[in-house]
Amino acid sequence: MIKVYNKYPLLQHNTFGIEAVAERFVEFSSTEALVGFLKEGFTGNSLVIGGGSNLLFAGDFAGTVFHSRIMGIEVLDESGNDVLVRAGSGVNWDEFVGYCVEQGWHGLENLSLIPGEVGASAVQNVGAYGVEAGDLIVKVDAIKIDGASPCAFTNADCGFAYRHSIFKGAEKDKYIITHVTFRLKKDAAFKLSYGNLKEKVEELGGATLANVRAAVCEIRRAKLPDPAEIGSAGSFFMNPVVPAVVAAKLKEEYPTMPQYPLPDGNVKLSAGWMIEQCGWKERPAEHVGVYKHQALVVINRGGATGADVIAFAKDVVASVKERFGVGLNMEVNVIG
Ligand code: EPU
């Protein structure tokens, strides 16, 4: 199946709840349908979206938006403790995680309730509670837009880093992901060291796949807005990484500042904490603000335009720079 729409409203396709229109919107339910469409001679700007949970439309999109409706989850191989599972790029991420947990496959449980779809998990290298999708992805199947040729990327090819991959970097907007394959385990140790996860899991009766998933969902529901109720794109900024000397100086001045030393010797700081310290949780704002339980999440209080959000974000960045001397980079993908 391929569906092509002209002048297509994107309001239902971005969790920020911003009104924007795509010149053309294309949905495809198979690799063959997508290849057929591209081979007819596709030209112009393209944008590939998943659940639209990491996007901010700064205006209308003058080009073609592609959205995968490729569904299905299949086991490619089972050997020993390993299960190789391939999911279509259009599969809802949390439904995929829920399915894997039900099957007793370990690996994705800490990534429960992240909004979005399977294809975008590889682009964005989604992460939470000490796990990143890139830790488990073994292969990404994609179609190169230019030439409609099928391509396969190994984990190393994808260049995964903190909230990053080649699909966001050097190869941005060049490929449409059709499937992602994950290596999961039938038996593995749980990763519970982040924040209060272990404590929550104990409260629920101890470490089982179902309890870890339930604990992660509970923590997320308490801290992050439900996209169905409040417009946002999750964390708006990335947590900044600074050299150890800079972190040590900041710690002297701000002893309660959360800091996370990284294996490479640098230190990750908490953008949410710094934004809160700058007073943004208290500041009344008309259309745009930060979420009361997590200052890293910029929210649309209703009727905000992309420009309103960008102007607000610039003020937030300037305040953090002035107070802490630290720059913040956006995590969301600004379009237009
Ligand atoms: N904090 C505050 N005030 C705030 C927000 C955070 O003081 O308003 C403090 C917390 O108390 C904690 C620290 O900052 O000490 C870190 O906060 P949290 O555990 O909520 O995580 P985060 O670093 O703010 C990151 C991810 C989230 C992910 C969580 C858990 C990024 C950009 N964000 O947030 O991912 O769920 O860790 O792993 O790395 C997303 O990417 O959209 C997202 C929600």
Side-chain angles (χ1 to χ4, degrees), residues 14-16 50-56 93-94 97 108-117 120-135 160-165 168 191-200 212-213 215-227 230-242 247 250-251 254-262 266-283 289-299 313 316-317 319-320 323-324 326-333:
N14 73 100
T15 58
F16 239 121
S53 54
N54 206 49
L55 288 179
L56 176 63
W93 175 259
D94 190 54
V97 174
L108 298 174
E109 56 281 2
N110 291 30
L111 304 179
S112 292
L113 213 62
I114 292 180
E117 294 167 4
S121 73
V123 177
Q124 181 63 11
N125 188 15
V126 296
Y129 310 105
V131 176
E132 290 183 345
D135 302 341
F160 291 122
Y162 170 54
R163 294 297 192 275
H164 191 79
S165 74
K168 271 185 92 176
K191 293 193 175 161
L192 304 177
S193 58
Y194 188 96
N196 62 343
L197 183 56
K198 191 160 194 271
E199 200 182 302
K200 275 270 172 285
V212 174
R213 174 163 164 78
V216 168
C217 290
E218 199 181 308
I219 296 170
R220 288 188 74 95
R221 286 199 180 101
K223 281 200 169 181
L224 299 167
D226 178 352
I230 299 175
S232 89
S235 299
F236 193 90
F237 303 100
M238 288 199 269
N239 284 324
V241 174
V242 299
L250 283 165
K251 193 84 186 170
Y254 304 99
T256 60
M257 173 185 251
Q259 298 195 341
Y260 306 91
L262 299 175
N266 290 320
V267 178
K268 197 187 263 187
L269 305 178
S270 163
W273 184 88
M274 292 189 284
I275 295 167
E276 179 171 357
Q277 296 297 309
C278 290
W280 288 101
K281 277 189 181 170
E282 286 81 43
R283 261 181 244 197
V290 299
Y291 190 53
K292 58 184 177 206
H293 300 304
Q294 167 52 291
L296 192 48
V297 177
V298 173
I299 58 169
V316 170
V317 173
S319 70
V320 169
R323 171 99 176 258
F324 299 100
V326 176
L328 294 182
N329 290 320
M330 281 193 268
E331 202 221 313
V332 296
N333 196 0

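When a ligand or atom number is given, it counts from 1 through the structure's own listing order.
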Over 60° means perpendicular and under 30° means parallel, so tell me whether Y194 and Y129 are parallel, tilted or perpendicular. perpendicular
Determine, using heavy atoms of [X] and all atoms of ligand 1, whether some pair is separated by less than 4.0 Å.
X	answer
Q124	no
Y260	yes
Y291	no
K268	no

Is [X] reaching over with its side chain to a backbone N or O of [Y], donor-acceptor style, under 3.5 angstrom?
X	Y	value
S165	V123	yes
K168	N333	no
K251	M257	yes
W93	A120	no
E218	K200	no
S235	F237	no
N110	K191	yes
N329	M238	no
Y162	N239	yes

Atoms of ligand 1, numbered as shown, that sit under 4.0 Å from any heavy atom of [X]:
X	value
S270	9 (C), 13 (C), 14 (O), 16 (C)
P258	15 (O)
R220	36 (O)
F237	32 (C)
Y162	31 (C), 32 (C), 39 (O)
A128	36 (O), 38 (O)
E331	32 (C), 40 (C), 41 (O), 42 (O)
R163	26 (C), 27 (C), 31 (C), 33 (N), 35 (O), 39 (O), 40 (C), 41 (O), 43 (C)

Geometric N/O contact H293 with ligand 1, under 3.5 angstrom: no
Side chain or backbone, does M238 bring an N or O within less than 3.5 Å of an N or O on ligand 1? no
Given the protein's heavy atoms, is any one of them under 4.0 Å from atom 11 (O) of ligand 1? no
Mark whether atom 27 (C) of ligand 1 lies under 4.0 angstrom from at least one protein heavy atom. yes
[atom]: nearest protein contact (heavy atom, Å):
atom	result
atom 42 (O) of ligand 1	S235 N, 2.9 Å
atom 1 (N) of ligand 1	W273 N, 3.8 Å
atom 20 (O) of ligand 1	Q294 NE2, 2.9 Å
atom 34 (O) of ligand 1	L296 CD2, 4.0 Å
atom 38 (O) of ligand 1	Y129 N, 2.7 Å
atom 37 (O) of ligand 1	Y194 OH, 3.4 Å
atom 8 (O) of ligand 1	A295 N, 2.7 Å

So for atom NZ, which belongs to K281, do other residues, nucleotides or ligands contribute more than 12 heavy atoms lying within a distance under 6.0 Å? yes
For a 4.5 angstrom cut-off between non-hydrogen side-chain atoms, does Q277 reach V320? no
Identity of the nearest option to atom 22 (P) of ligand 1, non-hydrogen atoms only, from N239, V126, N329: N239
First locate atom OG of S232, then atom CG of L56, and finally report the distance between them rounded to the nearest 0.5 Å. 11.0 Å
Calculate, to the nearest 0.5 Å, the distance between atoms CD and CZ belonging to E132 and R163 respectively. 6.5 Å
State which residue, out of Y291, W280, F16, fulfils the side-chain contact (heavy atoms from CB on, under 4.5 Å) condition with V298. F16
Heavy-atom distances under 4.0 Å decide this one: backbone, side chain, both or neither, for E276 against ligand 1? side chain
